[in-house]
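Reckoned from all heavy atoms, side chains included, excluding hydrogens, waters and symmetry mates. Numbers restart at 1 for each chain; the letters A, B, ... are given by sequence-line order, proteins then strands.
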2 protein chains.
Amino acid sequence: MDPQVEYVPLAEYFKVFSEPNRLAVLEALHDGPLNVTAVVDKTGLSQALVSKHLKLLTIAGVIERRPEGALVFYEVLDQGVFQLVAQAEQLLLASRRQQLDALAALF
Amino acid sequence: MDPQVEYVPLAEYFKVFSEPNRLAVLEALHDGPLNVTAVVDKTGLSQALVSKHLKLLTIAGVIERRPEGALVFYEVLDQGVFQLVAQAEQLLLASRRQQLDALAALF
DNA sequence: ATATGGCATAACGACATCGTGATACTACAT
DNA sequence: ATGTAGTATCACGATGTCGTTATGCCATAT
């Protein structure tokens, strides 16, 4: 991270992952491409909502939209996003541990 | 990422990094602990805003608050957060490249 | 005891985002 | 040509977030 950089684009990118249902949609695509209805079934979210999240993920360049006949398939472009998510999970766990330790240290 | 997990906490964690000024505040602490006024000077943000972001980062367990006399120092707890940020920057760059390639492929 | 610098918080307005229900569009089958 | 399943989009209400201004609070110096 450079000193006087604009953090707007980076913040926008993080924002992509800052919504629970959007993470669920992304996870639904973890094991391969799915069409919209399949994502709807897998997540239990409404069709309109799934379409919205898929569009956002597409615009962000995280997934790719591929129409096939009457269906539209979506696929994760760079598997690295799952590393990012995994790393965030790690940090989250670590920070929880730390907070418990800090709490315990009060006694 | 597990199928039927709650993604709320993870999304909340990502949300911490989804704000430009908050990233700037975090970056200000990259090279060591600083007190509030120092962060204000380094970022050019208002004091009230800096305090807010520092509080959020503290609650999230990303930084630690350490009062010292009249001053209050803040310090990054786990340097791993910078890896997370760096990884996101990487992915962002890659996805931009990809989008340009996709655009170029149209001609 | 009072003044001052450093920090935190409250109240507020502006704006963004989320989810829903309804509707439109598209490709294909009949 | 009409119907239908799959997908996208619109309009809307509800809620959340950001930044500011103003004020409160604490530690220290005078």
Heavy atoms within less than 4.0 Å of DNA chain C: which residues of residues 14-22 of chain A have one? Give them sorted by number. Lys15(A), Glu19(A), Asn21(A), Arg22(A)
Can you see if the side chain of His53(B) gets near the phosphate of dC18(D) - specifically, an N or O under 4.0 Å from OP1 or OP2?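 Answer is no, no contact under 4.0 Å.
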In terms of the angle between their ring planes, are Phe82(A) and His30(A) parallel, tilted or perpendicular, with boundaries placed at 30° and 60°?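 It falls in the perpendicular class, over 60°.
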Closest listed nucleotide, where the reference is the side chain of [X] and the choices are [options]:
| X | options | result |
| --- | --- | --- |
| Ala48(A) | dT20(C), dT7(D), dT21(D) | dT20(C) |
| Leu56(B) | dC7(C), dT7(D), dC18(D) | dC18(D) |
| Leu49(B) | dC7(C), dA8(D), dG19(D) | dG19(D) |
| Ala70(B) | dT7(D), dT9(C), dT28(D) | dT28(D) |

Across the strands shown, which category fits Lys52(B) at heavy-atom distances under 4.0 angstrom: base, sugar-phosphate, nothing? base
Need one value for Thr37(A): base, sugar-phosphate or nothing, where a base atom within 4.0 Å counts as base even if backbone is also close, heavy atoms only.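 The residue Thr37(A) makes sugar-phosphate contact but no base contact.
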Identify the heavy atoms of Gly61(A) and Leu77(A) that sit nearest to each other, and give their distance. O-CD1, 3.6 Å
Which pair of non-hydrogen atoms, one from Ala24(B) and one from Thr43(B), has the smallest distance, and what is that distance? O-CG2, 3.9 Å
Could you check Gly69(A) against Ser51(B) and say which one's nearest nucleotide on DNA chain C is further toward the 5' end?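 It is Ser51(B) whose nearest nucleotide is closer to the 5' end.
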Between Leu45(A) and Phe73(B), which is nearer to the 5' end of DNA chain C once each is assigned its nearest nucleotide?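 Closest to the 5' end, via its nearest nucleotide, is Phe73(B).
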Please tell me whether [X] and [Y] are part of a single hydrophobic cluster in this structure, the criterion being side-chain heavy atoms less than 4.5 Å apart.
| X | Y | answer |
| --- | --- | --- |
| Leu57(B) | Val76(B) | yes |
| Tyr7(B) | Leu56(A) | no |
| Val25(A) | Phe73(A) | no |

For the pair made of [atom1] in [X] and [atom2] in [N], what is the distance, rounded to whole Å?
| X | N | atom1 | atom2 | answer |
| --- | --- | --- | --- | --- |
| Gln47(B) | dG5(C) | CD | P | 14 Å |
| Leu54(B) | dG6(C) | CG | C1' | 13 Å |
| Arg65(A) | dG6(D) | CZ | C1' | 11 Å |
| Leu34(B) | dG6(C) | CG | C1' | 15 Å |

Is it the case that the side chains of Ser95(A) and Gln99(A) hold a donor-acceptor pair, with the cut-off being a distance below 3.5 Å and no angle test? no
